[in-house]
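Heads up, the thing below is written out as structure tokens.
The structure presented is a predicted model; accordingly, all values stated were derived computationally and were not measured.
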Amino acid sequence: MTPQVHVRWVPLPASGDGAPDVEALLPLLSDEERMRAVTTPDPHVAARFVLGRIAVRHLAAELARPAPGAEAPTPDEVTVWALCPDCGGPHGRPHVDVRKPKGRPLSVSIAHCAAGVVVAASWSGTVGIDVELADTPVEAMAAIAALVPPAARPSGRSWDPVQHWTRIEAVLKADGRALRVDPSAVLLRRDAGALTATIAGDPPRPEGEAEPVYAVADLRLDDAVRASVAVLPRKPSAKPTVPVVTWRPLDLVAPSPV
């Protein structure tokens, strides 16, 4: 089965004109989320955190498939939570309380940079997404390039270190361990037009269990950014798969007071 991923992009104009009203959206968050927002030292990062949690609620509500006779949830009825596997704190991979009638969960992921916030969701498997500014400082570009052995880079001038980094981040988010895994362990390959990834150094799998292979795709959300999405299909394929990724901008508007 070809994995399908749905993506929504919330652009943030550099001037601030036309940006969503973050303060008006705060009531849609949980107490834990609001506490995280107000205790984040950087106000721009805090605002993007709020927008990400609101955007993923909108996407989850849009994709919800309730049982026959039941109503789909509205964005404010979608619960979003995170649980750090190391410290038990409310951060890390986000989850939503949206499932198919037979119990299959909707996997979601959130990423942001100064140019905008992006969210992804998939019924097909565990999803990860990343977005970075294309205009990255030279020092950062060099640090990214150091993670990728020359032999693993495409020939010619087509290799984009920032784009490559978004692929690595997307894979690690789909894996769930994020940067607790050495980014250089992510091995990306092109095969028959498909971009796939594996993570080196993991313990051997039980006999008969296949090594996880992530399907990866690049996104062109905006000229100012580079973005990628990765999904670990619930049903592994014997052939490399290209995920079907659809995206559109999302205009976040606070609900009108009753």
Can you give me the closest heavy-atom contact between [X] and [Y], atom names plus distance?
X	Y	value
W81	D97	CZ3-N, 3.6 Å
P13	P11	CD-O, 3.7 Å
V131	W9	CG2-CZ3, 4.2 Å
A114	L133	CB-CD1, 4.0 Å
A194	P240	CB-CB, 3.6 Å
V22	A47	CG2-CB, 3.9 Å

Are any side-chain N or O atoms of [X] and backbone N or O atoms of [Y], one a donor and one an acceptor, separated by less than 3.5 Å?
X	Y	value
K173	V229	no
R234	W123	yes
S107	S122	no
R48	G116	no

Count I, L, V, M, F, W, Y as connected when their side-chain heavy atoms are under 4.5 Å apart, and connections chain through other members. Are [X] and [Y] then in the same cluster?
X	Y	answer
V216	V245	no
L250	V118	no
L63	V56	yes
V7	V108	no
L252	W247	no

How many angstroms lie between [atom1] in [X] and [atom2] in [Y], if you round to the nearest 0.5 Å?
X	Y	atom1	atom2	result
L25	R34	CG	CZ	12.0 Å
L26	E33	CG	CD	10.0 Å
L106	H6	CG	NE2	8.0 Å
R226	L219	CZ	CG	12.0 Å
H44	C113	NE2	SG	13.5 Å
I199	Y214	CD1	OH	4.0 Å

State, yes or no, whether a side-chain contact exists between [X] and [Y] at a heavy-atom distance under 4.5 Å.
X	Y	value
T126	R93	yes
I168	L188	yes
T198	R189	yes
D175	L232	no
R99	R65	no
I54	H58	yes
V119	I129	no
H112	V45	yes

Does the side chain to side chain contact (heavy atoms under 4.5 Å, CB included) test come out yes or no for V96 and L59, once each step is laid out? CA-CA 10 Å; V96 294; L59 181 53; over 6 Å; no

- request: For atom CG of D223, decide whether the heavy atoms of other residues, nucleotides or ligands shown that lie under 6.0 angstrom number more than 12.
  value: no

Would you say NE2 of H91 has more than 12 non-hydrogen atoms from neighbouring residues, nucleotides or ligands within 6.0 angstrom?
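Check passes, neighbour count above 12.
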
With a 4.0 Å cut-off on N to O distance, would you call D76 and R57 a salt bridge?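 Result for this pair is no, no salt bridge flagged.
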
Check each of E169, Q163, H164 against T166 using the side-chain hydrogen bond (donor to acceptor under 3.5 Å, both in side chains) test, and report the only one that passes.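 Result: among E169, Q163, H164, Q163 is the only option passing the side-chain hydrogen bond (donor to acceptor under 3.5 Å, both in side chains) with T166.
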
Are a donor atom and an acceptor atom from the side chains of R53 and S30 found within less than 3.5 Å of each other?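 No, no side-chain donor-acceptor pair sits under 3.5 Å.
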
